Novice: 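First, the structure itself, so that you have it in front of you.
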Protein chains: 2
Amino acid sequence: MSDLLERLRERGWRLTAQRRVVAEVLDGDHVHLTADEVHARAVQRLPEISRATVYNTLGELVSLGEVLEVSTDRRAKRYDPNAHQPHQHLVCAQCGAIRDVHPSGNPLADLPDTERFGFTVSDVEVTYRGTCPNCASA
Amino acid sequence: MSDLLERLRERGWRLTAQRRVVAEVLDGDHVHLTADEVHARAVQRLPEISRATVYNTLGELVSLGEVLEVSTDRRAKRYDPNAHQPHQHLVCAQCGAIRDVHPSGNPLADLPDTERFGFTVSDVEVTYRGTCPNCASA
DNA sequence: ATCCTACAATGGACTTTGTCTAAGTCAAGG
DNA sequence: CCTTGACTTAGACAAAGTCCATTGTAGGAT
C-alpha cells in the first residue's frame with residue numbers, strides 16, 4: 001500500500017490528499033468496489049472529495065496498471081487492487097459477493113489456433129458464477 | 001429463425017410485428033448487437049417501434065433462454081442469438097469486433113475445490129481479448 | 001520560507017444505458 | 001367481429017460515467 005504510493009511517486013504522480021484517500025480505500029484482499037462505493041468511503045475520510053476526482057483517480061490507477069477494472073456485475077465497473085497477481089473471479093449470482101480465485105491451467109492455451117480467426121490473443125478474463133454459502137443456506 | 005418464432009408461439013408468446021422484427025434483426029452468426037443497435041435496425045423495418053419494446057422483447061428472449069446477454073464491452077450489454085450452442089467470446093480491444101469461439105477443455109473443471117470458498121459454481125463466462133487482423137494491419 | 005506554475009480537484013451540466021408508467025392498441029380466442 | 005388482457009408507446013426518470021471551465025495546490029525554483 002505505502003509501496004503503491006511510493007511506486008506512484010517514482011512515476012511522477014503528484015501525491016494529493018484525494019489520491020492518497022482513494023488508494024487507501026482500495027487497500028485489502030478481495031476488494032472489488034464500484035466507483036460510487038469508493039467515493040462513499042473516500043468521503044468519510046475527506047468530505048470534500050468529488051465524484052469526478054474519484055473517477056479520474058481510478059482511471060489513472062488503471063492506466064498505470066496498479067488496479068484492474070472488472071465487470072463481474074452487469075451494472076457498474078468494479079476496481080480490483082490485486083493487479084499484480086493474475087487471478088479470476090467467482091461471483092454469487094444472488095448477493096453479488098466476489099472472491100478472487102486461481103484456476104489451475106491456462107485458459108489462453110485452451111483456445112486452438114483454428115478458433116482464433118487471425119486475432120493476436122493477449123488476455124483472457126474468466127468469471128465463475130454460482131451461489132455463495134450464505135445465500136445457499138437462506 | 002422461423003423455428004424460433006414457432007417455439008415461442010408454442011410457449012404462449014403473442015406474436016406481434018415488433019417481436020417478429022426484433023427476432024429477425026438478431027438472426028445470423030457472430031451477431032452481438034447492443035439494445036440500441038437492435039433498436040436502430042428494427043426501426044428501419046418498423047419505424048414506430050419504441051425503445052421500451054426493444055428492451056422488453058430482448059429481456060423476454062433472454063428469460064426464455066433464446067438469446068444470451070453478454071458483456072464483452074464495458075458499456076452496453078450485447079445480445080447473442082447463439083444460445084443453444086455453448087461458446088465463449090473473442091473480442092478485439094481496438095475495434096470491439098466479437099467472434100464466437102469454442103475453447104477446448106472445460107474451464108469449470110479448472111477451479112479446484114479449495115478455490116471455491118463453499119460456493120456452488122454453476123456457470124463460467126470466458127472472454128478472450130486481443131487484436132483482430134484488421135486492426136493489426138492498420 | 002515564499003512564490004510560481006503546471007498539474008489536480010471541483011461541481012454542475014451533459015451523455016449513455018436502461019427502467020418505469022399511464023394510456024392507447026391489437027392478436028387471437030369465442 | 002367483439003372482447004379482453006397482453007402488448008406497445010412516448011416520455012419521464014434513474015444510474016453510471018464523462019466533460020469542462022474554474023479554482024486550488026504540490027512541490028520544485030528562488
Side-chain angles (χ1 to χ4, degrees), chain A residues 5-25 32-64 66-80 96, chain B residues 5-25 32-64 66-80 96:
Chain A
L5 296 178
E6 203 54 52
R7 254 178 288 144
L8 294 173
R9 184 156 26 203
E10 274 162 24
R11 295 206 235 169
W13 228 45
R14 202 153 111 185
L15 191 45
T16 65
Q18 290 84 344
R19 288 174 167 181
R20 194 173 6 241
V21 164
V22 169
E24 281 169 16
V25 163
H32 306 90
L33 299 171
T34 64
D36 253 21
E37 287 164 352
V38 172
H39 180 239
R41 298 188 186 199
V43 161
Q44 301 190 345
R45 307 192 190 202
L46 189 65
E48 34 347 325
I49 192 170
S50 77
R51 275 173 11 98
T53 297
V54 170
Y55 277 103
N56 288 341
T57 305
L58 290 171
E60 286 155 14
L61 288 169
V62 170
S63 300
L64 292 169
E66 296 290 348
V67 165
L68 295 176
E69 214 171 65
V70 297
S71 8
T72 50
D73 162 306
R74 258 89 180 194
R75 301 170 56 201
K77 293 174 200 165
R78 293 182 172 274
Y79 293 89
D80 181 344
Chain B
L5 295 178
E6 204 53 53
R7 253 178 289 145
L8 293 173
R9 184 156 26 204
E10 275 162 25
R11 295 205 234 170
W13 229 44
R14 200 154 113 186
L15 191 44
T16 65
Q18 291 84 345
R19 287 174 167 182
R20 195 174 3 242
V21 164
V22 169
E24 281 168 17
V25 163
H32 306 89
L33 299 171
T34 63
D36 253 21
E37 287 164 352
V38 171
H39 181 240
R41 297 188 187 199
V43 160
Q44 300 190 346
R45 307 190 189 202
L46 188 67
E48 3 38 291
I49 192 171
S50 77
R51 275 174 7 100
T53 297
V54 171
Y55 276 101
N56 288 341
T57 305
L58 289 172
E60 286 155 14
L61 289 169
V62 170
S63 299
L64 292 169
E66 297 290 347
V67 164
L68 295 176
E69 214 171 64
V70 297
S71 7
T72 52
D73 161 307
R74 259 90 179 195
R75 302 171 56 199
K77 291 174 201 166
R78 293 181 172 274
Y79 293 89
D80 182 343

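Fair warning: this is a prediction, and the values are worked out from it, not measured in the lab. Each chain gets a letter, A, B and so on, in the order its sequence line appears, and its residues count up from 1.
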Novice: May I have the distance from B:R19 (atom CZ) to C:dC26 (atom C1'), rounded to whole angstrom?
Specialist: 12 Å

Novice: For B:L15 and D:dT8, give me the distance from atom CG to atom P, rounded to whole Å.
Specialist: 10 Å

Novice: In residues 37-54 of chain A, which residues come under 4.0 Å of DNA chain D by heavy atom?
Specialist: A:R51, A:A52

Novice: Using whole Å, report how far CH2 of A:W13 lies from P of C:dC7.
Specialist: 15 Å

Novice: Extract from the structure each pairing of a protein N or O with an N or O of nucleotides 28-30 of chain D at less than 3.5 Å, listing the distance.
Specialist:
none

Novice: Of B:T16 and A:D36, whose nearest nucleotide on DNA chain D comes first from the 5' end?
Specialist: B:T16

Novice: How many Å lie between CG on B:D73 and C1' on C:dT16, as a whole number?
Specialist: 12 Å

Novice: What is the distance from CD of B:Q18 to P of C:dC26, rounded to the nearest Å?
Specialist: 9 Å

Novice: Quick check: do A:L58 and A:E69 have side-chain heavy atoms less than 4.5 Å from each other?
Specialist: no

Novice: Taking A:Y79 as the fixed residue, which of A:L68, A:V70, A:V62 is the one that meets the side-chain contact (heavy atoms from CB on, under 4.5 Å) rule?
Specialist: A:V62

Novice: Side-chain contact test, heavy atoms from C-beta onward, threshold under 4.5 Å: evaluate it for A:Q44 versus A:V25 and give yes or no.
Specialist: no

Novice: Measure the distance from NZ on A:K77 to C1' on C:dT17 and round it to the nearest whole Å.
Specialist: 13 Å

Novice: Which comes earlier along DNA chain C counting from the 5' end, the contact point of A:N56 or that of B:R9, where each point is its nearest nucleotide?
Specialist: A:N56

Novice: Treating B:R19 as the side-chain partner and B:R14 as the backbone partner, does any N or O pair qualify as donor plus acceptor under 3.5 Å?
Specialist: yes

Novice: Quick one: pull up CG in B:L33 and CZ in B:R41 and give me the separation to the nearest 0.5 Å.
Specialist: 4.5 Å

Novice: Without decimals, in angstroms, what is the distance between B:R20 CZ and C:dC26 C1'?
Specialist: 13 Å

Novice: Taking C-beta and beyond as the side chain, do A:W13 and A:L64 meet within less than 4.5 Å on heavy atoms?
Specialist: yes

Novice: Which atoms form the tightest heavy-atom contact between B:A76 and B:T34, and what is the distance?
Specialist: CB-CG2, 3.9 Å

Novice: Testing the basics here: between A:S71 and B:R74, what is the closest heavy-atom pair and its distance to 0.1 Å?
Specialist: OG-NE, 3.0 Å

Novice: Between atom CD in A:E10 and atom P in D:dG27, what is the gap in whole Å?
Specialist: 14 Å

Novice: Check every atom of D:dT8, C:dG18, D:dT18 against the side chain of B:Y55 and return the nucleotide holding the closest atom.
Specialist: C:dG18

Novice: Would you kindly check whether a donor in the side chain of A:R14 faces an acceptor in the base of C:dA8, or vice versa, at under 3.5 angstrom?
Specialist: no

Novice: Apply salt bridge (charged side-chain N to carboxylate O under 4.0 Å, His left out) to residues B:E6 and B:R9 and explain how you reach the verdict.
Specialist: CA-CA 5 Å; B:E6 204 53 53; B:R9 184 156 26 204; 3.6 Å; yes

